[in-house]
Amino acid sequence: MSPIEKKSNKGRPRASDADVASTRNDILRVAHQEFATQGFSGASINAIAEKISTTKRMIYYHFTDKEHLYREVLQSAYEEMRKGESQLNLEGMDPVAALRRLVEFTFDHHWQSPEFIRLVMIENIHHAEHLQQITRLKALNNSTLDRLQRILQRGVDAAVFRDGIKAVELHWHISALCFFNVSNRSTFSYVHGDTVFNTAGQRRLRAQVTESILRLVAADGQTAASVPASAPAAGGLNPQIVEFLAEWDNRWAQCPPNSGPAARRAFFETVAEAMRLPTPAKVSCDDVHWVRSSAGDVRVRIFRWQGAPKLQPVLIYLHGGAFMQGSPETHWDITARLAAWAKMTVISVDYAKAPERPFPTALYQCADVIKWAHAEAARLGIDPKRISWGGDSAGGNLAASLALMFRGTRHAARANLLVYPACDFDKNRDSFIENKDGPLIKVAGMDAVNRMYCPNESDLRNPLAAPLLAQDHSGLPPTFVAVAQFDPLRDSGVAYYDALAQAGVDVTLDRGEGLCHGYLRGMGHAQASVDKLKLMAQWLQAQHS
């Protein structure tokens, strides 16, 4: 008997439990969209059946009638939101940070789930008569009030929140602001324009909504609730970077725990797409090629500044992601802006990932992309005499290693851009101790990541995996090394800068004061991130002039 079939008493095969569940989930998914778009009265069971190639009878088999299906849709929509809240791990957090994260989650959930807002609006039209029939929903939603009450009480006990605010009142304030942002978007945009609804506008509103709620609960004479809880005193982490990290951590909190590399890889793509900024004007980004390589064919995406000259300088960009995740799409904001601000072509490489394809696969693929760029320069509209490469984090490691590999050859780099690079695997430096818990990356997980990339331990001492360990760094191209003050990898990058300087290489160091690993991802929040990338673009322009 097939594992996906069972026998009925009449000997006819019937669907497995997995198939039944899959069909039920498909009905719910399509019904969610139908009810949100058409309302309860306007929704059509026949339309739902047609969209998933099933029958009206099958829908009634699972859900009895239209009203029961609508209730299931409502329940699943609320359950999904409450599930997200429960995964925020707020119980052990500082009360200010916990409330901040909860408000930000609510704002993000509503903005990304307009169908949820429409369902709630529809149910208000029906005076919540269907919600009243869902027996477990009230208890489910009360979990939010219980969570808020515990946060409020912790804040009162710590003397940072004022007493007397009820959880239901605070929930009303949070819901009012976040709900209005979506429910009234169309009318607000028509009357006042849509500038608050673009990416930058939404991030400003998100910060302002959070600030409003924190000011509402702040105890008299206290300012702790009006700034990010983790924002340090002068000389510490840039407060705008703290705002970026709050959004980053909030989104990554939705990644299922204990996810493996493949699952994290896929989740990273969704996070990056959700946070992507508008592509700069005059940058084309639709040109994709597959490059033949002895280490396996590799995809590249080309970001090209749409301006003269015809033969542009080029930067071959190698994205970060701990050698196991990332793509040209996750680093779109960086490469598109480098193309615009440096007036050049950027070839972004989707190299092979560990642990499935460990060292040296990615390195050899990137080397073949460099050779391909030289060979195809005329067709690509790039100047073969002005080909540079660079990357961030793991990509910075690859870029430095490739500079060693091609040193003294006709394919040598014009310049090398290294952004918070991992130049070796030594964790005994001060920066690893000072920043062992991040932000953004933590020392505790590095051994596992390094083993994925270099399962053969001896490769951790190979200069093509750890370019700082090369016996000779002379003859390397002009290099820009950008590190970050609050990055475990900081001293690895500084040590590489020192090695190049001692070897007589033209090398520049940017220390990234007030910044952390991955700060270029924060350009939607932090002006410092924008300024640093512009500085790198200016340096690249100077090297290619």
- Query: Any donor and acceptor pair, going by atom type alone, linking the side chain of Lys282 with main-chain N or O of Pro280 inside 3.5 Å?
  - Reply: no

- Message: Tell me which pairs pass ring-ring contact (aromatic ring centres under 6.0 Å, His included) where either residue lies in residues 398-442, with sequence neighbours left out.
- Response: His374-His411, Trp389-Phe406, Phe406-His411, Tyr420-His517, Tyr420-Tyr519

- Task: Using a strict 4.0 Å threshold on nitrogen-to-oxygen distance, state whether Glu85 and Arg82 make a salt bridge.
- Result: yes

- Item | Partner of Leu476 by side-chain contact (heavy atoms from CB on, under 4.5 Å), out of Val507, Leu404, Asn416 | Leu404

- Item | Minimal non-hydrogen separation, Leu398 against Cys366, with atom names | CD1-SG, 4.5 Å

- Message: Does atom CD (Gln541) have a neighbourhood of more than 12 heavy atoms from anything else shown, all under 6.0 Å?
- Response: yes

- Message: Treating Ser529 as the side-chain partner and Leu520 as the backbone partner, does any N or O pair qualify as donor plus acceptor under 3.5 Å?
- Response: no

- Query: In Å, rounded to the nearest 0.5 Å, how long is the span from CG of Leu533 to CE of Met536?
  - Reply: 6.0 Å

- Message: Going by side-chain contact (heavy atoms from CB on, under 4.5 Å), name the residues that satisfy it together with Glu91, two or more places apart in sequence or in a different chain.
- Response: Arg147, Arg150, Arg154

- Task: Start with the C-alpha distance between Ser492 and Asp426, add both sets of side-chain angles, then the distance that settles side chain to side chain contact (heavy atoms under 4.5 Å, CB included), and finish with yes or no.
- Result: CA-CA 8 Å; Ser492 178; Asp426 182 359; over 6 Å; no

- What pair of heavy atoms forms the shortest contact from Ala342 to Ala537, and how long is it? CB-O, 3.7 Å

- Query: How long is the gap from CG on Leu28 to OG1 on Thr23, to the nearest 0.5 Å?
  - Reply: 11.5 Å

- Note on the structure: So the ring-ring contact (aromatic ring centres under 6.0 Å, His included) pairs with at least one residue in residues 524-545 (sequence neighbours excluded) are Phe480-Trp539

- Query: Could you give the distance from SG (Cys423) to CG (Leu469), rounded to the nearest 0.5 Å?
  - Reply: 10.0 Å

- Can a salt bridge be assigned to the pair Arg265 and Glu356 using a cut-off of 4.0 Å between side-chain N and carboxylate O? yes

- Contacts of Pro114 that satisfy side-chain contact (heavy atoms from CB on, under 4.5 Å) - sequence neighbours left out: Arg118, Val182

- Hey, does Trp252 have a side-chain heavy atom less than 4.5 Å from the side chain of Phe268? yes

- More than 12 heavy atoms of other groups within 6.0 Å of Arg511 CZ: no

Which donor-acceptor pairs under 3.5 Å do the side chains of residues 301-319 make with protein atoms, sequence neighbours left out?
{"residue": "Arg301", "atom": "NE", "partner": "Glu329", "partner atom": "OE2", "Å": "2.7"}
{"residue": "Arg301", "atom": "NH1", "partner": "Cys285", "partner atom": "O", "Å": "2.7"}
{"residue": "Arg301", "atom": "NH2", "partner": "Glu329", "partner atom": "OE2", "Å": "3.2"}
{"residue": "Arg304", "atom": "NH1", "partner": "Thr345", "partner atom": "OG1", "Å": "2.9"}
{"residue": "Arg304", "atom": "NH1", "partner": "Leu380", "partner atom": "O", "Å": "3.3"}
{"residue": "Arg304", "atom": "NH1", "partner": "Gly381", "partner atom": "O", "Å": "3.0"}
{"residue": "Arg304", "atom": "NH2", "partner": "Lys310", "partner atom": "O", "Å": "2.8"}
{"residue": "Arg304", "atom": "NH2", "partner": "Gly381", "partner atom": "O", "Å": "3.2"}
{"residue": "Gln306", "atom": "NE2", "partner": "Ser284", "partner atom": "OG", "Å": "3.0"}
{"residue": "Gln312", "atom": "OE1", "partner": "Thr345", "partner atom": "N", "Å": "3.2"}
{"residue": "Gln312", "atom": "OE1", "partner": "Thr345", "partner atom": "OG1", "Å": "2.8"}
{"residue": "Gln312", "atom": "NE2", "partner": "Trp305", "partner atom": "O", "Å": "2.7"}
{"residue": "Gln312", "atom": "NE2", "partner": "Gly307", "partner atom": "O", "Å": "3.2"}
{"residue": "Tyr317", "atom": "OH", "partner": "Asp392", "partner atom": "OD1", "Å": "2.6"}
{"residue": "His319", "atom": "NE2", "partner": "Gly326", "partner atom": "O", "Å": "3.4"}

- Message: Checking Lys51 now: which residues fulfil salt bridge (charged side-chain N to carboxylate O under 4.0 Å, His left out) with it, not counting sequence neighbours?
- Response: Glu34

- Query: Under 3.5 Å, is there a donor-acceptor pair between the side chain of Ser431 and the main chain of Pro488?
  - Reply: yes

- Task: Return yes if some donor-acceptor pair links the side-chain N/O of Arg276 with the main-chain N/O of Ala272 below 3.5 Å, else return no.
- Result: no

- OG1 (Thr508) and CG (Leu535) are apart, to the nearest 0.5 Å, by 8.5 Å

- Query: Counting N and O atoms only, with roles assigned by atom type, does the side chain of Asp194 sit under 3.5 Å from a partner on the main chain of Phe197, one being a donor and the other an acceptor?
  - Reply: no

- Message: Can you pull out every salt bridge (Lys or Arg N to Asp or Glu O under 4.0 Å) where at least one residue sits in residues 481-510? Sequence neighbours excluded, please.
- Response: Glu434-Arg490, Asp510-Lys532

- So, for Pro358 and Ala354, which heavy atoms are closest and what is the spacing to 0.1 Å? CA-CB, 4.4 Å

- salt bridge (charged side-chain N to carboxylate O under 4.0 Å, His left out) partners for Glu80, two or more places apart: none

- Is there a donor in the side chain of Asp287 and an acceptor in the side chain of His289, or the other way round, less than 3.5 Å apart? yes

- Note on the structure: Residue set satisfying salt bridge (charged side-chain N to carboxylate O under 4.0 Å, His left out) with Asp459, at least two apart, ordered chain then number -> none

- Message: Just to verify, what does Gln240 make a side-chain contact (heavy atoms from CB on, under 4.5 Å) with, not counting sequence neighbours?
- Response: Asn238, Ala526, Gln527

- Close side-chain approach of Phe107 to Leu205, heavy-atom, < 4.5 Å: yes

- Message: When you compare the side chain of Ser458 with that of Arg461, does any pair of heavy atoms fall below 4.5 Å?
- Response: yes

- Message: With a 4.5 Å cut-off on side-chain heavy atoms, are Trp372 and Ile347 touching?
- Response: yes

- Taking side chain as C-beta onward, heavy atoms only, is Leu489 less than 4.5 Å from Val483? no

- Task: Please check if the side chain of Glu247 supplies one atom and the backbone of Glu243 the other of a donor-acceptor pair under 3.5 Å.
- Result: no

- Got a sec, which residues hit salt bridge (charged side-chain N to carboxylate O under 4.0 Å, His left out) with Arg410, two or more places apart in sequence or on another chain? none

- Message: With no hydrogens and no angle check, just 3.5 Å: does a side-chain donor-acceptor pair link Thr330 and Glu269?
- Response: no

- Message: Between Asp350 and Ser327, do the side chains contain a donor N or O and an acceptor N or O under 3.5 Å apart?
- Response: no

- Note on the structure: For Ser293, the side-chain contact (heavy atoms from CB on, under 4.5 Å) test, sequence neighbours excluded, returns Ala295, Gln365, Asp368

- Here the gap from His32 atom NE2 to Ile27 atom CD1, rounded to the nearest 0.5 Å, amounts to 15.5 Å

- Hey, is the main chain of Lys385 close enough, under 3.5 Å, to the side chain of Arg414 for a donor-acceptor pair? yes

- Message: Are Tyr496 and His473, when compared by the centres of their aromatic rings, separated by less than 6.0 Å?
- Response: yes

- OH on Tyr453 to CE on Met324, rounded to 0.5 Å: 14.0 Å

